[in-house]
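A short worksheet on the structure shown next.
Throughout, protein chains are lettered first and strands after them, A, B, ... in sequence-line order, and every chain is numbered starting at 1. For the numbers below, each heavy atom of this structure counts, side chains included, while hydrogens, waters and symmetry mates do not.
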Amino acid sequence: MFSFSDNVKEIVKKIPKGKTMSYGEVARKAGNKNGARAVGAIMKANRNPQIPCHRVIRSDGSPGGFNRGTKKKIELLKSEGVRM
DNA sequence: CGTATGACGTGCA
DNA sequence: GTGCACGCCATAC
């Protein structure tokens, strides 16, 4: 029995390196296509280093937010080859 | 249990 | 292209 939050965590953990997923995409795969906000809420509530939440960005390509600093998130993505 | 808030998404001006 | 407003879901108080 996987809750939406657990599902989202699994999805984000499955994101390959050098790739990014929008909150809406993750929410849709988790079961709630309209749960983009919920995904963000779960991410900030869940501080798991196993979860590359920095690979999750907004659908517009904006970085969104990050517990360690949004700027750091951009740096990580750029370091992985994810640029816009 | 009900209200308020937030790491979103889409639409319109 | 930028900015504002409305709607959705989950969590916190």
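- Among all heavy-atom pairs drawn from Ala36(A) and Ala27(A), the shortest one is N-CB, 3.7 Å.
- In this structure, the side-chain contact (heavy atoms from CB on, under 4.5 Å) partners of Ser62(A), at least two apart in sequence or on a different chain, are Arg58(A), Asp60(A).
- With sequence neighbours left out, the side chain to side chain donor-acceptor pair (under 3.5 Å) criterion links Lys13(A) to Glu10(A).
- Using a 4.0 Å cut-off on heavy atoms, none of the residues of residues 46-56 of chain A approach DNA chain C.
- Partners of Lys9(A) under the salt bridge (charged side-chain N to carboxylate O under 4.0 Å, His left out) rule, at least two apart in sequence or in another chain, are Asp6(A).
- Atom CD1 in Ile11(A) sits about 18 Å away from atom P in dC9(C), given to the nearest Å.
- As rounded to whole Å, 23 Å separates atom P of dG7(C) from atom OH of Tyr23(A).
- Near-neighbour residues of DNA chain C inside residues 68-77 of chain A, defined by a heavy atom below 4.0 Å, are absent.
- Here the straight-line distance linking atom CD of Glu80(A) with atom OG1 of Thr20(A) works out to 9.5 Å at 0.5 Å rounding.
- A nucleotide of DNA chain B counts as in contact with chain A when one of its atoms lies under 4.0 Å from a heavy atom; the first and last such, 5' to 3', are dG6(B) to dT10(B).
- Here the P atom of nucleotide dC8(C) and the CZ atom of Phe4(A) are 15 Å apart, to the nearest Å.
- Spacing between atom NZ of Lys44(A) and atom P of dC9(C) amounts to 19 Å, rounded to whole angstrom units.
- Of the residues in residues 26-34 of chain A, not one places a heavy atom less than 4.0 Å from an atom of DNA chain B.
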Polar-atom pairs under 3.5 Å, protein N or O versus N or O of nucleotides 11-13 of chain C: list them with distances, or write none.
none

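- Considering SG of Cys53(A) and NZ of Lys44(A), their distance stands at 13.0 Å, rounded to 0.5 Å.
- Not counting sequence neighbours, Arg37(A) has no partner by the side chain to side chain donor-acceptor pair (under 3.5 Å) test.
- Counting non-hydrogen atoms under 4.0 angstrom, Gly35(A) reaches the backbone sugars and phosphates but no base.
- Under a 4.5 Å side-chain heavy-atom cut-off, the cluster of Ile, Leu, Val, Met, Phe, Trp and Tyr residues that includes Val8(A) is completed by Phe4(A), Ile11(A), Val12(A), Ile15(A), Met21(A), Tyr23(A), Val26(A), Val39(A), Ile42(A), Met43(A), Ile51(A), Val56(A).
- With sequence neighbours left out, the salt bridge (charged side-chain N to carboxylate O under 4.0 Å, His left out) criterion links Arg28(A) to no other residue.
- For Ile74(A), the side-chain contact (heavy atoms from CB on, under 4.5 Å) criterion is met by Pro63(A), not counting sequence neighbours.
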